[in-house]
Every structure is written in structure tokens, then in C-alpha cells.
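Computed from heavy atoms alone, side chains included, the values below leave out hydrogens, waters and symmetry copies.
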Amino acid sequence: MRRAVAAAALVLAAGLGPAARAEPVVHAVDPTHTQVLVELRLGLATVLGRFERTRGTLRLDRTTGRAAVELEVDAASWSTGDAALDALVRGPALLDAERAPVIVFRADAVPVADGDRVDRVEGRLERAGHAHTLSLAARRSGCYLNPLLQRPVCGGDFEARLPRAALGLAGGPAELAPTVRVLVQFEAIRQ
Amino acid sequence: MRDAAFALALALATGGAAAAPQAWRLDAAGSRIHWEVEHFGTSTQRGRFDRFAAAVTLDPAAGRGNVSVTVDTASVSSGVPVLDRVLRGGQMLATADHPQAWFVADRIAFDAAGRPQRLEGELTLRGTSRPLALEAERVDCGADGSVCGATYVASLRRSEHGITFGLPFAADRVRLVVHLLVRRD
């Protein structure tokens, strides 16, 4: 009898009905549908590179309308399709992938409207022991029920245009333009 | 008379070269074909074709040109190995049977500075040919005009080329973004 009362009190205290959850729902990043791309200008050429290896978590709390995301990216997974350029970008003048192998993007208290819509993700990028502000605009966002996985999936397309110096990446050859465009494809599967 | 004067003025404006076809060489390291497809209407899946050749001849003064791009379809690269295998497989690009795709444009629209803005032609993909037009987003020829960096975009429906796997979860519409770096030959 006492446990039933205590359980009922807990449900009431959370202000929810029996079917809803009281805490953020954890989603695991789907690495096959998550990629971080960076568009660079190298002299007159435009190059679009990508970080192929990602992992992370999305915590979505529909009761507070807030999400938290943590996305890890392997610096060594950078790829443009050109070996010489890849070696330069991964090298000590820029990513320094050997000494800073993992780049982490973290954002807390991301406002989520209508249960699954995000406009902006204000976060920080951590690499080589430093943190840099990185704010991404959502091009599209939402959640859907994936019929193949039989699970809800939440995600979107996000982007930013900013000076690479603001990410601690001011080095490299003079032909590498100072402004870069960051594109993030993101999908995370409810656990 | 007016057309001849205009052609001469254009030739002078573009560096004094006579109105004659000019061949351009592709710089492979600075050139890439990218594709984009929406996934469940939620996020954009992107990839590249890493190996392709191009032959470009342009005659802006005469308003004519020819662009021919040949793509090694097995060089498709999404960054996701399991997806690359599906892309090369029989239900998508079928690269074993169709090792090449090509785009041939013989109608070129130039802007007032003689830069190609629209390349109209035909795409042959998975053995099926359909009209395709590439529109310039950027054409940058630097100081002496001997090297140009450009970005062209196009949109196609993959089902028109028999590539129907994954519909409708992976969209029918494919956006192509072609980054080119070319040098005067």
C-alpha cells in the first residue's frame, strides 16, 4: 500500500500522466547519417571536406522544451578526396590530429519548439584543450519514426559561416581563405 | 555590323584574344562533384564522385562552347562504407555494368564578362540519358583570367535514371554541386 502511494506521489510531483517520461530522452548519434563538413576556399577553388567518424548523444526533454547535445568527431577522419590537402589539414599547422585527435561540440539548454523543432544551437567546440564558441543555425530539424529501425529519430541540418581563427584554426597557407562554412548533418536514434 | 562590333568589344574586354575557341584543362585536385539527397526529409546525406575527367572548350565571343564530363561511377564516396557498397550495387549506380556516367553540354550561356553561366546538355547515368542544365553559383577568374574557379549546381530525379532504391525515405531529388578549377590550355 505504502509503495503504491509513494509511486503515485512521484508521478504527481513530476506533473505528468502515467504515459509520459519525467526526464530527458536519450538518443544515440547515428554515425551513418551524421557528418560534419567544412567548405573551404583555397585560392580560386572551393573544397568541401568532411569528418567521417562521429559519435555522440542527444538528450531531448519535451517537458522543458530543451535539448542537450554532445558530438565527438575524429580529426583524423577528415577527407576531401585529395591526399595532399588532407595531410595538410590534418597536420600540425591546422587540426594537428595527432595531438588533438578528438574534437567535441557541446550544447546545453537548446530551445526546442513543438516537441522537435530547433532554430539555433549555441554551443562550444573543444579541441586541443581550448573551447571556442560555435553557434549553428538550423536549416531543418525534426523527429520521425524510422520504419526500418522501428524507433523515433531526431535530427536536422545545421550550419555556420565563421572565421576559422574563431575555432583556433588560423594557420595553414595564405591561399586558405579565413572564412569557412561548417555544415552538420545530424541524426540520433532514441535509445 | 552591330554584332561584329559587340564581338570585337567582348574580345577586347576579355583580354584581347581573338574570337576563337579556347580549351581549358581540369585541375583534378581542385575539382570535385558532390551530390546531396534528403533523408526522411530530416537531414541531408552528402557524397562525392572522386574521379572524373572534363574537356572544356569555350568561345564566349561567338556564344558557343562544349563541356564534356566523364565520371568514374565506382569513385562514389559518401564517407559511410556500408552506404558506398549500396551505392555501387545493382540497385543504385550498378557500377559494374555502368562504370561511367557522362554529361555533355553543347549549349552554353555566357554573361557579359564572357563567363559561362548555364551549361545545357544531357546526363547519361546508369545507362539512361536525360536533359540536365548546370547553373553557375560562382565563376572566379582571378587577375589575369588564365585560371578560373567555379561552382555549378543542378538538380535531377534519380528515378528517371532507374535509381529507385530507398524511395521515398531517401529522396528522389538529387542536388549536384560541381566545384571546378580549370586552367587555360
Side-chain angles (χ1 to χ4, degrees), chain A residues 29-37 39-54 73-74 77-86 88 116-118 138-149 152-159 175 177 183-189, chain B residues 26-52 72 75-86 136-153 166 168-171 177-183:
Chain A
V29 161
D30 174 1
T32 64
H33 296 102
T34 298
Q35 212 168 67
V36 176
L37 301 104
E39 188 183 87
L40 320 162
R41 284 289 298 274
L42 191 65
L44 293 169
T46 300
V47 178
L48 181 65
R50 65 194 182 212
F51 291 98
E52 298 177 351
R53 282 195 309 272
T54 62
V73 161
D74 283 348
S77 73
W78 168 263
S79 164
T80 61
D82 179 62
L85 180 59
D86 288 349
L88 170 74
D116 64 359
R117 210 190 69 240
V118 169
R139 279 289 198 119
R140 60 173 59 82
S141 65
C143 299
Y144 66 94
L145 178 62
N146 188 310
L148 312 167
L149 303 172
V153 176
C154 296
D157 285 328
F158 303 87
E159 65 181 69
E175 305 84 68
L183 302 168
V184 183
Q185 177 203 19
F186 183 91
E187 288 199 18
I189 304 163
Chain B
L26 187 77
D27 179 322
S31 305
R32 212 55 98 233
I33 297 172
H34 297 274
W35 49 263
E36 300 179 358
V37 178
E38 270 188 44
H39 184 246
F40 282 94
T42 299
S43 77
T44 299
Q45 199 77 23
R46 289 185 180 83
R48 315 185 294 244
F49 286 99
D50 282 345
R51 282 190 305 275
F52 67 98
D72 175 350
S75 75
V76 67
S77 169
S78 65
V80 180
V82 58
L83 179 57
D84 285 351
R85 283 193 288 279
V86 171
E137 264 193 0
R138 176 187 80 94
V139 183
D140 215 333
C141 291
D144 69 354
S146 65
V147 184
C148 298
T151 298
Y152 291 88
V153 297
F169 308 134
V177 181
V178 183
H179 296 308
L180 298 173
L181 187 67
V182 290
R183 295 170 195 283

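For A:Leu85, no part lies under 4.5 angstrom from a heavy atom of chain B. Looking at A:Phe186, the atoms closer than 4.5 Å to chain B (heavy atoms on both sides) all sit in the backbone: N, CA, C or O. Of the two parts of B:Asp140, the backbone and the side chain both hold a non-hydrogen atom closer than 4.5 Å to a non-hydrogen atom of chain A. For chain A, the nearby part of B:Thr151 is the side chain; its heavy atoms alone come within less than 4.5 Å. Contacts of A:Arg41 with chain B are made by side-chain atoms alone, with heavy-atom separations under 4.5 Å and no backbone atom involved. With a 4.5 angstrom heavy-atom cutoff, B:Ser75 does not touch chain A via any of its atoms. With a 4.5 angstrom heavy-atom cutoff, A:Leu42 does not touch chain B via any of its atoms. Using a 4.5 Å cut-off between heavy atoms, B:Glu38 touches chain A through its side chain atoms alone. Residue contact with chain A, scored on non-hydrogen atoms closer than 4.5 Å, involves the backbone and the side chain of B:His39 alike.
Scored by the side-chain hydrogen bond (donor to acceptor under 3.5 Å, both in side chains) test, B:Asp72 finds B:Arg51 as partners (sequence neighbours excluded).
Interface check for chain B: of the options A:Ser77, A:Gly43, A:Gly81, A:Ala45, the most heavy-atom pairs under 4.5 Å are formed by A:Gly81. Chosen from B:Ala150, B:Cys141, B:Ser78, the residue pairing most often with chain A at heavy-atom distances under 4.5 Å is B:Ser78. Ranked by heavy-atom pairs under 4.5 Å with chain A, the first of B:Arg32, B:Gln45, B:Arg48 is B:Arg48. Among the candidates A:Gln35, A:Glu187, A:Arg50, A:His33, the residue making the largest number of heavy-atom pairs closer than 4.5 Å to chain B is A:Arg50. Of the listed residues (B:Ala28, B:Ser77, B:Gly79, B:Gly149), the greatest number of heavy-atom pairs within a distance under 4.5 Å of chain A belongs to B:Gly79.
In this structure, CG in A:Leu149 is found 7.0 Å from CG in A:Asp30, a value given to the nearest 0.5 Å.
A 4.5 Å side-chain heavy-atom check between B:Val76 and B:Trp35 finds at least one atom pair inside the cut-off.
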Give the C-alpha distance, both sets of side-chain angles, the deciding distance and a yes or no for side chain to side chain contact (heavy atoms under 4.5 Å, CB included) between B:His34 and B:His179.
CA-CA 8 Å; B:His34 297 274; B:His179 296 308; 3.5 Å; yes
Please walk me through it: do A:Leu183 and B:Thr44 pass side chain to side chain contact (heavy atoms under 4.5 Å, CB included)?
CA-CA 10 Å; A:Leu183 302 168; B:Thr44 299; over 6 Å; no
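In plain terms, the two heavy atoms of B:Val147 and A:Leu44 that are nearest each other are O-CD1, 3.3 Å. The heavy-atom pair separating B:Gly145 from B:Cys148 by the smallest distance is O-SG, 4.4 Å. The shortest non-hydrogen separation linking A:Asp74 to A:Phe51 is O-CD2, 3.5 Å. Here the closest heavy-atom approach between residue B:Leu26 and residue B:Ser31 is recorded as CD1-OG, 3.3 Å.
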